[in-house]
S.K.: 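Just passing along the structure, written as structure tokens.
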Amino acid sequence: MAIHLVHPFKPEKGAAPDQMIDRSTINGAVRRIPKWPLYLISVIPVVALFYAGATGQLGVDPIKEIEHELGELALQVFIASLCITPLCRLMRINLIKFRRPLGLITFFYVLLHLLVWVVLDMSLLWGQMWADILKRPYITIGMVGFVLLIPLAVTSNDWSIKKLGAAGWQKLHILTYPAVLLAVIHNVMVQKVWEAEALIYLGVVLVLLAYRYRRFLPSRRVAA
Amino acid sequence: MANRFKSDLTWGDVTPETAFLNRRAFMAGATALGAGSIMSPALAASQYSTDEEPNTFEQITSYNNFYEFGTGKTDPAENAHALTTNPWPIEIGGLVEKPGTYEFEDLKKEMTIEERIYRFRCVEAWSMVVPWNGFELADLLDMVGVKPEAKYVYFETLVRPDEMIGQNWNTVPWPYREGLRLDEAMHPLTLVATGIYGKDMPNQNGAPLRLVVPWKYGFKSIKSIVKIELTDKQPETSWNMINAREYGFYSNVNPEVDHPRWSQASERRLGGGLFAKRIPTLMFNGYEEEVASLYEGMDLRKNY
């Protein structure tokens, strides 16, 4: 059995009472859905993208297209994974079992996004890439975001939770928040001008982070 | 000014229109035979044309930066059909002998249209090879007569938000503006393009007339021009107004001077598919021999 670190059913003050929606049905259905198909489904857009790119269906610059699509997919799944806790606390819909798959899929897409940059976009020109990482803020930010995700991906298993202890594991996984913030900032900065879509992603992430800030900080102050 | 071009010296080999059309037919035939890169010198291409293989018409017209029609690369191809280009009055003024409003079709008749196959290098570090048709900007400036006090040429793109859907957003302070120093403007490489592949300029590429300055980053090559003004002061240019640290007035292609956003050391030549390797970017986009003298003694790091 998976270990639930955040107690999902501790309702917020003012949350809707249970009887208003029949959540037991939703949550019961969710319980019956296995999570392994998510991993398989996550591969489909990747295969589709590379196939479309290789067969000339991604326009004049298939490399940029694949690179951007993978980055955007990563951001979308990352945001989805961050919606699970508030969904649980505010709406009392329990999708917690999907949080780990979504996190790992995020990492999978980010890794591919980076590999496409390294191999296809930059043609393995290490010197130029290193200079880009140091000199170009949006690349620096993206790279730091990626590095923050590595310990999260590596410890996304039951063994690591036991090894680190629930509290230690949870502390480590606070890295999710700076990582997602860097990801959306990276996405805003990649654009040459202010793009509405990138700003919407930024806004959504800020709301999701504000929700946690509200939840975390006061309790920490109390704890200290 | 180093080498003002004299038209009686080097244009003995200007392609006559019939020969040009024959050449296109030849190219079409050659492409059909799978030998598209064969280019015979006997077909009298411009001495300024590169012999690199041009990108296809499809590629050149479906991947554009033209924020007047949206910021996505395919937005211009999708949205530019709304633009009406006839009539197309062009206001030419400032420090010129014959200021006035010139209609594009009348003006085109006065000019010698030729083909120029140029490398086109975007500041975003991608590039294409484009067979433009057009005339030298110098010929147009000579026609209107440049006053001796003039030092710069300023250009403006059309503002018509009901046809240019991207202008409904303030991504760029409209109108799009560009400028050249007079010697750059008079250089024989500097082209006013009126078409691609022998066809009229497609709307998404800047119909009916646009600038092409092949040794500068693509954004200098302003599209759909409605105003040309000769000035004695360096004019405002759009990307410089948006972000002066990233985009200078000169914006010459220079692999040694980095853009804060993109290394300019190498580029991706589009059209090569998924596994095309990066190629090194050349000084002045490979036009160093022709234009380096314009910038003699200038610090190109400061004047980026």
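Every heavy atom of this structure was used, including side-chain atoms; hydrogens, water molecules and symmetry mates were not. Worth saying up front: this structure is predicted, and the values here are computed from it rather than measured.
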S.K.: For Leu124(A), is it the side chain, the backbone, both or neither that has a heavy atom under 4.5 Å from a heavy atom of chain B?
M.R.: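 Contact with chain B: none, neither part.
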S.K.: Need one label for Val119(A): side chain, backbone, both or neither, based on atoms under 4.5 Å from any heavy atom in chain B.
M.R.: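 The answer is neither part of Val119(A).
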S.K.: Atom CH2 in Trp262(B), atom CD1 in Ile139(A): separation rounded to 0.5 Å?
M.R.: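 That separation rounds to 10.5 Å.
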S.K.: Minimum heavy-atom separation for Pro62(A) to Gly273(B), with atom names?
M.R.: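 The answer is CG-C, 4.2 Å.
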S.K.: Apply the test side-chain contact (heavy atoms from CB on, under 4.5 Å) to residues Glu58(B) and Val60(A): give CA-CA distance (whole Å), side-chain angles for both, the deciding distance (0.1 Å), then the verdict.
M.R.: CA-CA 9 Å; Glu58(B) 169 70 20; Val60(A) 178; over 6 Å; no
S.K.: Nearest 0.5 Å please: distance from the OG1 atom of Thr71(B) over to the CD atom of Glu197(A).
M.R.: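 Between atom OG1 of Thr71(B) and atom CD of Glu197(A) there are 9.0 Å.
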S.K.: Does some side-chain heavy atom of Glu195(A) sit less than 4.5 Å from a side-chain heavy atom of Thr171(B)?
M.R.: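 A side-chain contact is absent here, since even the closest heavy-atom pair is not under 4.5 Å.
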S.K.: So does Leu114(A) have more than 12 non-hydrogen atoms from other groups sitting under 6.0 Å from CG?
M.R.: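 Yes, CG of Leu114(A) has more than 12 neighbouring heavy atoms, counting only those of other groups under 6.0 Å.
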S.K.: Is there a donor-acceptor contact under 3.5 Å from the side chain of Arg268(B) to the main chain of Ile63(A)?
M.R.: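 Absent.
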S.K.: Do other residues, nucleotides or ligands put more than 12 heavy atoms under 6.0 Å from the OH atom of Tyr51(A)?
M.R.: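 Count not over threshold, so no.
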S.K.: Does any backbone or side-chain atom of Met189(A) lie under 4.5 Å from a heavy atom of chain B? Answer side chain, backbone, both or neither.
M.R.: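 Backbone only.
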S.K.: Just wondering, more than 12 heavy atoms not from Asn157(A) lying within 6.0 Å of its CG?
M.R.: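 For Asn157(A), atom CG is crowded (more than 12 foreign heavy atoms under 6.0 Å).
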S.K.: Taking side chain as everything from C-beta outward and backbone as N, CA, C, O, which of these in Ser266(B) sits under 4.5 Å from a heavy atom of chain A? Side chain, backbone, both or neither.
M.R.: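 Contact with chain A involves both backbone and side-chain atoms of Ser266(B).
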S.K.: Is the shortest side-chain N to carboxylate O distance from Lys73(B) to Asp61(A) below 4.0 Å?
M.R.: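 Judged by the 4.0 Å cut-off on N to carboxylate O distance, Lys73(B) and Asp61(A) do not form a salt bridge.
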S.K.: Nearest 0.5 angstrom please: Arg278(B) CZ to Leu120(A) CG, how far?
M.R.: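 It is 11.0 Å, given to the nearest 0.5 Å.
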S.K.: What I'd like to find out is whether the side chain of Lys135(A) reaches to under 4.5 Å of the side chain of Pro260(B), using heavy atoms alone.
M.R.: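 No. Closest side-chain heavy atoms not under 4.5 Å.
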S.K.: Is the shortest heavy-atom distance from the side chain of Arg136(A) to the side chain of Arg261(B) under 4.5 Å?
M.R.: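 No; the side chains remain at least 4.5 Å from each other.
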S.K.: Side chain, backbone, both or neither: which part of Asn64(B) has an atom under 4.5 Å from a heavy atom of chain A?
M.R.: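 Contact with chain A: none, neither part.
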S.K.: Evaluate the side-chain proximity of Ile66(A) to Leu274(B): yes if any heavy-atom separation is below 4.5 Å, no if none is.
M.R.: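 When only atoms from C-beta onward are counted, Ile66(A) and Leu274(B) do touch, with a gap below 4.5 Å.
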S.K.: Need one label for Ala276(B): side chain, backbone, both or neither, based on atoms under 4.5 Å from any heavy atom in chain A.
M.R.: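 Answer is backbone: N, CA, C or O of Ala276(B) sit under 4.5 Å from chain A.
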S.K.: Given a strict heavy-atom distance threshold of 4.5 Å, which part of Ala54(A) is in contact with chain B: side chain, backbone, both, or neither?
M.R.: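 Ala54(A) touches chain B through backbone and side-chain heavy atoms alike.
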S.K.: Any idea which of Trp239(B), Trp169(B), Trp126(B) has the most non-hydrogen atom pairs under 4.5 angstrom with chain A?
M.R.: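 Among Trp239(B), Trp169(B), Trp126(B), the one with the most close pairs to chain A is Trp239(B).
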S.K.: Side chains of Lys64(A) and Glu124(B): does their closest heavy-atom pair fall under 4.5 Å?
M.R.: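 In short, these two side chains do not touch, never coming nearer than 4.5 Å.
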